[in-house]
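Have a look at the structure below, then the notes.
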Amino acid sequence: MNSILSELLDGVLRIEICRPEKKNALTGAMYAALADAFAAAENDPAARVVLIHGQPGVFTAGNDLTDFLDHPPLAEDPPPPVFRFLQALRTLSKPLVAAVAGPAVGIGTTLLLHCDLVYAGAGAKFQLPFVSLGLCPEAASSLLLPALAGHVRAAEILLLGEAFDAEKAREIGLINAVLPDAGVLDHALTQARKLAALPAASVQITKQLMKRAQAALIEQTMLEEGRHFRMRLLSPEAKEAFAAFLEKRKPDFTNLN
Ligand code: COA
């Protein structure tokens, strides 16, 4: 079944992550479909804005941990789908809007750092548990989150892996507004349609200018994070953390150094 759905309407390419039985956890095939959808948006003049969302109860539980165990994305060239998706996210010239309801874990939160407008439901929950999974940050979150929230608040989120709610996400500037859960997608669509109705070239130039100062640093950071991330995926700590989640038990890192 296709778990990434897309529809172009009124200039807005709406991309839905749709694997609710696994909390929208993202597999390699889903990253490939997301990267393809972003490429299609980039190349289609009729797609003036991209909107990404999940279901009313979940944005995404992040990378599928079974996939991480069975098919770790280790290759450098050609890049595995997850890295293709990150590249598409980084380079998308059209505005990207997100509607978040429920959990947004791992890449579910880090992808928001690349969006232009983000709206979340009051019940949204954000978490970056990279360290407790034996991994390290991705999507240039090690650069973008401290820049947004300041080092100490980013450290609570990236080192301790503390989850935070929509109100805190708004306070640190990760999202624009907190809405009732049931209304978040409609509001995001309204905002996306407003963007789609504006002069497309002006919108894209403005986005590019706003991102210009950090563009090279974001690219370098993603490369550096990717090098560490690939190695961490093979670490005994990561394997223990993934297995523990899937076996519904607490991980035991005590004998691992
Ligand atoms: N990878 C693989 N399977 C996942 C998953 C993931 N990232 N997240 C959830 N699932 C699966 C669960 O194993 C479960 O499958 P099962 O019904 O076959 O047992 C199903 O999705 C429902 O998940 P569950 O944990 O029961 O839902 P919940 O509502 O209690 O909790 C989350 C939702 C998102 C908070 C929780 O699932 C979670 O923490 N997931 C892992 C997040 C994570 O570490 N992501 C990686 C970031 S790099």
Side-chain angles (χ1 to χ4, degrees), residues 1 3-4 17-34 52-74 80-83 85-86 89 98-114 120-142 144-145 154 156-166 168-169 174 181 221-222 225-253:
M1 196 195 90
S3 308
I4 301 295
I17 309 170
C18 185
R19 194 189 176 210
E21 72 284 4
K22 292 287 180 189
K23 300 286 168 182
N24 288 350
L26 295 163
T27 61
M30 290 165 74
Y31 285 120
L34 283 170
I52 188 163
H53 65 98
Q55 281 80 52
V58 63
F59 185 57
T60 167
N63 205 107
D64 185 295
L65 295 176
T66 307
D67 225 34
F68 261 166
L69 269 177
D70 295 347
H71 311 286
L74 302 175
V82 60
F83 291 107
F85 171 60
L86 290 176
L89 194 60
V100 182
V105 189
I107 200 164
T109 291
T110 60
L111 78 80
L112 304 177
L113 293 162
H114 298 268
K125 201 161 179 193
F126 305 84
Q127 194 178 12
L128 299 176
F130 298 121
V131 169
S132 55
L133 288 170
L135 299 171
C136 71
E138 37 79 323
S141 55
S142 61
L144 295 171
L145 195 65
E156 278 181 340
I157 295 168
L158 281 174
L159 286 175
L160 288 176
E162 285 185 358
F164 55 101
D165 63 12
K168 178 154 176 189
L174 181 66
D181 284 319
T221 306
M222 277 195 186
E225 289 173 344
R227 273 192 282 276
H228 288 290
F229 201 94
R230 286 174 166 92
M231 285 190 286
R232 295 307 305 160
L233 277 172
L234 297 177
S235 68
E237 293 95 330
K239 288 182 179 169
E240 164 60 9
F242 303 160
F245 174 77
L246 296 169
E247 291 160 18
K248 302 188 191 294
R249 61 170 172 84
K250 274 195 180 316
D252 178 3
F253 301 120

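Note that ligands are numbered from 1 as they come in the structure, with each ligand's atoms numbered from 1 the same way. Bear in mind that the values here come from a model prediction, so they are computed numbers and not experimental data.
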Q. Side chain, backbone, both or neither: which part of Val105 has a heavy atom under 4.0 Å from ligand 1?
A. side chain

Q. Looking only at protein heavy atoms, which one is nearest to atom 2 (C) of ligand 1, and how far off is it?
A. Leu65 N, 3.4 Å

Q.
With a 4.0 Å cut-off on N to O distance, would you call Arg249 and Glu240 a salt bridge?
A. yes

Q: Would you indicate which of Lys22, Lys125, Glu138, Lys23 comes nearest to atom 11 (C) of ligand 1 when only heavy atoms are counted?
A: Lys22

Q | atom 32 (C) of ligand 1 within contact range, any protein heavy atom under 4.0 Å | A | no

Q) Leu133 heavy atoms, cut-off 4.0 Å: which ligand 1 atoms fall inside? A) 44 (O), 46 (C), 47 (C), 48 (S)

Q: Please indicate, with yes or no, if any protein heavy atom is found under 4.0 Å from atom 48 (S) of ligand 1?
A: yes

Q) If every non-hydrogen atom of Ala139 is compared with every non-hydrogen atom of Thr110, which pair is closest and at what distance? A) CB-OG1, 3.5 Å

Q | Nearest protein heavy atom under 4.0 Å from atom 26 (O) of ligand 1, yes or no | A | no

**Q.** Contact bool for atom 35 (C) of ligand 1 (protein heavy atom, d < 4.0 Å)
**A.** no

Q: Return the minimal non-hydrogen interatomic distance between Leu26 and Met30, and the atom names on each side.
A: CD2-CE, 3.7 Å

Q | Any non-hydrogen protein atom less than 4.0 Å away from atom 45 (N) of ligand 1 | A | yes

Q. Of the non-hydrogen atoms in Pro73 and Arg230, which two are nearest, and what is the gap between them?
A. O-CG, 3.8 Å

Q: State the atoms of ligand 1, each with its element, that fall below the 4.0 Å cut-off from a heavy-atom position in Asn63.
A: 1 (N), 6 (C), 7 (N), 46 (C)

**Q.** Protein non-hydrogen atom below 4.0 angstrom of atom 19 (O) of ligand 1 present
**A.** yes

Q. Honestly, is Arg232 close enough over Phe130, meaning NZ or CZ under 6.0 Å from the six-membered ring centre and within 45° of the axis?
A. no

Q: May I ask you to identify the nearest protein heavy atom to atom 8 (N) of ligand 1, giving residue, atom name and distance to one decimal place in Å?
A: Ala61 CB, 3.3 Å

Q: Would you please determine whether Glu21 falls within less than 4.0 Å of ligand 1 on a heavy-atom basis?
A: yes

Q. For atom 6 (C) of ligand 1, what is the nearest protein heavy atom, given as residue, atom name and distance?
A. Ala25 CB, 3.6 Å

Q.
Please check: side-chain N/O of Glu225 versus main-chain N/O of Ser142, any donor-acceptor pairing under 3.5 Å?
A. yes

Q: Find out whether Val105 and Thr60 are in side-chain contact, i.e. whether some heavy atom of one side chain is under 4.5 Å from a heavy atom of the other.
A: no

Q: Within a distance under 4.0 Å of any heavy atom of Lys248, pick out the atoms of ligand 1 and give their elements.
A: 19 (O)

Q.
Taking the basic N atoms (NZ, or NE/NH1/NH2) and the acidic carboxylate oxygens, is any pair closer than 4.0 Å for Glu162 and Lys168?
A. no

**Q.** Protein contact to atom 37 (O) of ligand 1 [nearest heavy atom, distance to 0.1 Å]
**A.** Phe245 CZ, 3.8 Å

Q) Taking the side chain from Asn24 and the backbone from Phe59, do they hold a donor-acceptor pair closer than 3.5 Å? A) yes

Q: Classify the angle between the aromatic ring planes of Phe164 and Phe126 as parallel (below 30°), tilted (30 to 60°) or perpendicular (above 60°).
A: parallel

